[in-house]
Chemist: 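Sharing a structure below in structure tokens format, with a few things to ask.
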Amino acid sequence: QVQLVESGGGLVQAGGSLRLACAASGRTFSNYAMGWFRQAPGKEREFVATISRSGGIRYSADPVKGRFTISRDNAKNTGYLQMNSLKPDDTAVYYCAAKRSWGTSAVGNEYDYWGQGTQVTVSS
């Protein structure tokens with residue numbers, strides 16, 4: 001069992017930055033690939049970014065490419081999502097997730113553990 005707790009969300013003006021953190025506990029964090037997803041009111045959950053167990057492979061969704069960066073520090077059992085040049089369309093609840101099976105993924109159903117989410121609101 002892995003417990004995930006997100007932090008770092010909040011209210012920011014368009015063009016601003018936030019850094020989300022995902023603290024993991026319970027099992028060896030480096031045994032899990034990690035992903036970030038988001039869900040805006042009235043919309044489906046969507047993929048944001050994913051990173052491999054070692055951090056050597058990472059990719060992000062087109063809407064955030066060049067603005068968001070996923071990273072991890074296995075020594076601290078923590079994953080991160082650095083979000084720059086934020087837009088009102090980025091407003092959503094952001095979730096981190098951990099995946100037992102090998103490889104990264106943009107598919108939410110392939111993840112085994114989820115955090116409770118953190119709200120990000122971008123004002124125009």
Side-chain angles (χ1 to χ4, degrees):
Q1 191 81 3
V2 174
Q3 291 80 41
L4 303 171
V5 178
E6 301 96 337
S7 62
L11 173 63
V12 64
Q13 287 190 329
S17 298
L18 283 173
R19 189 194 197 200
L20 305 184
C22 175
S25 61
R27 292 290 177 96
T28 305
F29 183 56
S30 59
N31 287 344
Y32 297 83
M34 210 190 87
W36 286 94
F37 293 79
R38 67 186 182 185
Q39 187 166 21
K43 294 188 176 181
E44 299 277 320
R45 181 181 65 195
E46 68 171 344
F47 164 73
V48 176
T50 182
I51 189 167
S52 62
R53 297 177 181 187
S54 66
I57 299 171
R58 64 186 80 183
Y59 62 91
S60 56
D62 286 343
V64 307
K65 203 162 289 184
R67 300 188 297 122
F68 292 11
T69 302
I70 189 171
S71 63
R72 65 190 297 160
D73 185 339
N74 287 339
K76 295 182 178 179
N77 291 334
T78 303
Y80 302 97
L81 185 68
Q82 177 67 44
M83 305 187 296
N84 299 329
S85 302
L86 282 161
K87 306 174 181 179
D89 283 351
D90 295 320
T91 295
V93 177
Y94 283 72
Y95 300 90
C96 69
K99 178 175 172 290
R100 275 196 308 259
S101 58
W102 187 260
T104 55
S105 176
V107 179
N109 290 343
E110 294 186 6
Y111 287 79
D112 302 288
Y113 303 103
W114 292 81
Q116 83 290 347
T118 185
Q119 176 71 47
V120 171
T121 303
V122 184
S123 63
S124 57

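In this text, all values refer to a predicted model and were calculated from it rather than measured experimentally.
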Chemist: Within 45 degrees of the axis of the six-membered ring of Y95 and under 6.0 Å from its centre: does R45 put its NZ or CZ there?
Modeler: no
Chemist: Verify the cluster assignment for L18 and V93: are they in a single hydrophobic cluster under the rule of side-chain heavy atoms below 4.5 Å apart?
Modeler: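 No, separate clusters.
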Chemist: For A92, does its backbone N or O pair with a side-chain atom of Q39 as donor and acceptor, under 3.5 Å?
Modeler: no
Chemist: Identify, with sequence neighbours excluded, every residue that meets side chain to side chain donor-acceptor pair (under 3.5 Å) alongside S105.
Modeler: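 In terms of side chain to side chain donor-acceptor pair (under 3.5 Å), with neighbours along the sequence ignored, S105 is linked to E110.
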Chemist: Are there more than 12 heavy atoms of other residues, nucleotides or ligands under 6.0 Å from atom NZ of K65?
Modeler: yes
Chemist: Taking C-beta and beyond as the side chain, do T121 and Q119 meet within less than 4.5 Å on heavy atoms?
Modeler: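 Counting from C-beta outward, T121 and Q119 do come under 4.5 Å.
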Chemist: Let me see the working for F47 and Y111 under ring pair (Phe, Tyr, Trp, His ring centres under 6.0 Å), right down to the final yes or no.
Modeler: CA-CA 12 Å; F47 164 73; Y111 287 79; 8.2 Å; no
Chemist: Can you check side-chain contact (heavy atoms from CB on, under 4.5 Å) on V120 and M83, steps first, answer last?
Modeler: CA-CA 10 Å; V120 171; M83 305 187 296; 3.8 Å; yes
Chemist: With rounding to the nearest 0.5 Å, note down the distance linking OG1 in T69 to CG in L81.
Modeler: 8.0 Å
Chemist: With hydrophobic residues grouped by side-chain heavy-atom distances under 4.5 Å, do I51 and Y32 end up in a single group?
Modeler: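 Different hydrophobic clusters.
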Chemist: Rounded to the nearest 0.5 Å, how far does CG of L4 lie from OG1 of T78?
Modeler: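 Going from the OG1 atom of T78 to the CG atom of L4 covers 10.5 Å.
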Chemist: Give, for atom CD of Q13 and atom OG of S124, the distance between the pair rounded to the nearest 0.5 Å.
Modeler: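 Here the rounded value is 9.5 Å.
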Chemist: Start with the C-alpha gap between S85 and K87, add the side-chain angles, then the distance that decides, and say whether side chain to side chain donor-acceptor pair (under 3.5 Å) holds.
Modeler: CA-CA 7 Å; S85 302; K87 306 174 181 179; over 6 Å; no
Chemist: Counting only heavy atoms from other residues, nucleotides and ligands, does the tally under 6.0 Å from CG of L11 exceed 12?
Modeler: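 For L11, atom CG is crowded (more than 12 foreign heavy atoms under 6.0 Å).
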Chemist: For the pair W114 and F37, name the ring-plane relationship: parallel under 30°, tilted 30 to 60°, perpendicular over 60°.
Modeler: tilted
Chemist: Measure across V64 and V48 and return the closest heavy-atom pair with its distance rounded to 0.1 Å.
Modeler: CG2-O, 3.6 Å
Chemist: Take R58 and S71, measure what side-chain contact (heavy atoms from CB on, under 4.5 Å) needs, and give me the verdict at the end.
Modeler: CA-CA 8 Å; R58 64 186 80 183; S71 63; 4.0 Å; yes
Chemist: Working to the nearest 0.5 Å, report the span between CH2 of W36 and CZ of F68.
Modeler: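 It is 11.0 Å, given to the nearest 0.5 Å.
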Chemist: Is a side-chain N or O of E6 found less than 3.5 angstrom from the main chain of T118, in a donor-acceptor match?
Modeler: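 Answer holds: no.
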Chemist: Tell me, yes or no, whether the heavy-atom count around R27 atom CZ, taken from other residues, nucleotides or ligands under 6.0 Å, exceeds 12.
Modeler: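 Not more than 12 within 6.0 Å, no.
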Chemist: side-chain contact (heavy atoms from CB on, under 4.5 Å) between Y80 and D73: does it pass, once the steps are laid out?
Modeler: CA-CA 8 Å; Y80 302 97; D73 185 339; 4.1 Å; yes
Chemist: Would you please test T50 and K99 for side-chain contact (heavy atoms from CB on, under 4.5 Å) and show each step?
Modeler: CA-CA 10 Å; T50 182; K99 178 175 172 290; over 6 Å; no
Chemist: Rounded to the nearest 0.5 Å, what's the gap from OH on Y113 to SG on C22? Could you check?
Modeler: 13.5 Å
Chemist: Is the side chain of S30 donor-acceptor paired with the backbone N or O of R53 at a distance under 3.5 Å, no angle test?
Modeler: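 Side chain of S30 to backbone of R53: no pair is present.
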Chemist: Just to verify, what does S17 make a side-chain contact (heavy atoms from CB on, under 4.5 Å) with, not counting sequence neighbours?
Modeler: Q82, N84
Chemist: Kindly compute the distance separating CG (D112) from CZ (R100), expressed to the nearest 0.5 Å.
Modeler: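 That separation rounds to 4.0 Å.
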Chemist: Could you tell me which non-hydrogen atom of L86 sits nearest to which non-hydrogen atom of V12, and how far apart they are?
Modeler: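 Of all heavy-atom pairs spanning L86 and V12, the closest is CD1-CG1, 3.6 Å.
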